[in-house]
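So the structure is just underneath, and the comments pick up after that.
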Amino acid sequence: MHDLAAGVKIFQQDVFPAKAPLFAGLAGRHRPTTLFISCSDARVVPELITHSEPGELFVIRTAGNLVPAHAPGGDGVAASIEYAVEVLGVSGIVVCGHSGCGAMTALAEGHELTALPMIADWLRHADASRPDEGADDGADEVAAWVRRNVLAQLANLATHPSVARALRRRTVSLHGWVYDIATGTVEELDPATGRPEPVAP
Ligand SMILES: [Zn+2]
């Protein structure tokens, strides 16, 4: 395993003292303005990509950045969404997909998942990301899945009552992003057309 204790030591010796006033303020205050939903993939680091400080992003990470649609009973993802919107009052929610996503690769390439029943069950939340019958995804099928999936998860997100209420009140905005690991590019998808535009032109 990567030496986590050595990392903690560096944090305590170098990083924490340099930001001591920030951490002192954060000890009694939690007021992030953005809910950032990304894949659990180790290569996607929301704070790094957005150059955010501790306290600025409320983060949910799931395999494939999937957001189950609202359903009775709730779960960890639904509870975290409700907390971010109703209690923390975030004004923006980003669903961020990424290049080379393992979950989207499994779907695009039709991987055999019989021996991975939890993953197979979880990936059904990406059913709406399937291409239309006869559609051509072009050369990069995985990239096409990644983009469709971000839009599908934004739609799932909007089924959560807290998000639906905030959208009606216009107190929250939803954004679909795709991060490219090889180049550092971040694009925002037009929710209507799926067309990508650079987040920071
Ligand atoms: Zn991924």
Side-chain angles (χ1 to χ4, degrees), residues 1-2 4 32 34-52 56-71 75-81 84 90 92-132 135 137-160 163 174-191 194-200:
M1 189 172 89
H2 175 63
L4 299 181
T34 302
L35 166 59
F36 198 96
I37 303 174
S38 75
C39 185
S40 301
D41 192 297
R43 300 165 297 177
V44 180
V45 183
E47 289 82 358
L48 191 66
I49 297 169
T50 61
H51 194 60
S52 296
E56 292 180 339
L57 300 181
F58 189 79
V59 177
I60 299 173
R61 301 184 66 158
T62 67
N65 43 273
L66 303 187
V67 180
H70 173 66
D75 55 34
V77 174
S80 298
I81 291 168
V90 297
I93 307 179
V94 176
V95 174
C96 185
H98 68 97
S99 62
C101 184
M104 292 306 110
T105 302
L107 291 169
E109 297 178 354
H111 290 184
E112 171 56 49
L113 297 173
T114 309
L116 301 167
M118 295 298 112
I119 296 173
D121 189 49
W122 175 247
L123 291 181
R124 71 192 155 80
H125 297 298
D127 278 349
S129 312
R130 293 189 181 284
D132 294 333
D137 275 347
D140 197 338
E141 212 178 329
V142 173
W145 270 84
V146 167
R147 287 194 295 273
R148 279 197 303 270
N149 183 55
V150 165
L151 298 176
Q153 302 313 317
L154 284 177
N156 282 353
L157 185 61
T159 66
H160 288 256
V163 177
L174 308 188
H175 306 271
W177 287 10
V178 176
Y179 167 60
D180 185 72
I181 294 169
T183 63
T185 307
V186 182
E187 292 178 324
E188 175 151 3
L189 304 178
D190 183 306
R195 261 175 52 104
E197 295 281 350
V199 167

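Counting starts at 1 for both ligands and their atoms, following the listed order.
Around the Zn ion (ligand 1), the protein N, O or S atoms found under 2.8 Å comprise Cys39 SG, His98 NE2, Cys101 SG.
The backbone N or O of Val44 lies less than 3.5 Å from a partner atom in the side chain of Arg61, making a donor-acceptor pair. Under a 3.5 Å cut-off, the side chain of Asn149 and the backbone N or O of Gly97 do not form any donor-acceptor pair. Side-chain N or O atoms of Thr159 include one that pairs as donor or acceptor with a backbone N or O of His70 at under 3.5 Å. Between the side chain of Gln153 and the backbone N or O of Val67 there is at least one donor-acceptor pair closer than 3.5 Å. No donor-acceptor pair closer than 3.5 Å links the side chain of Ser129 to the backbone N or O of Trp145. Between the side chain of His160 and the main chain of Pro68, a donor-acceptor pair closer than 3.5 Å is present.
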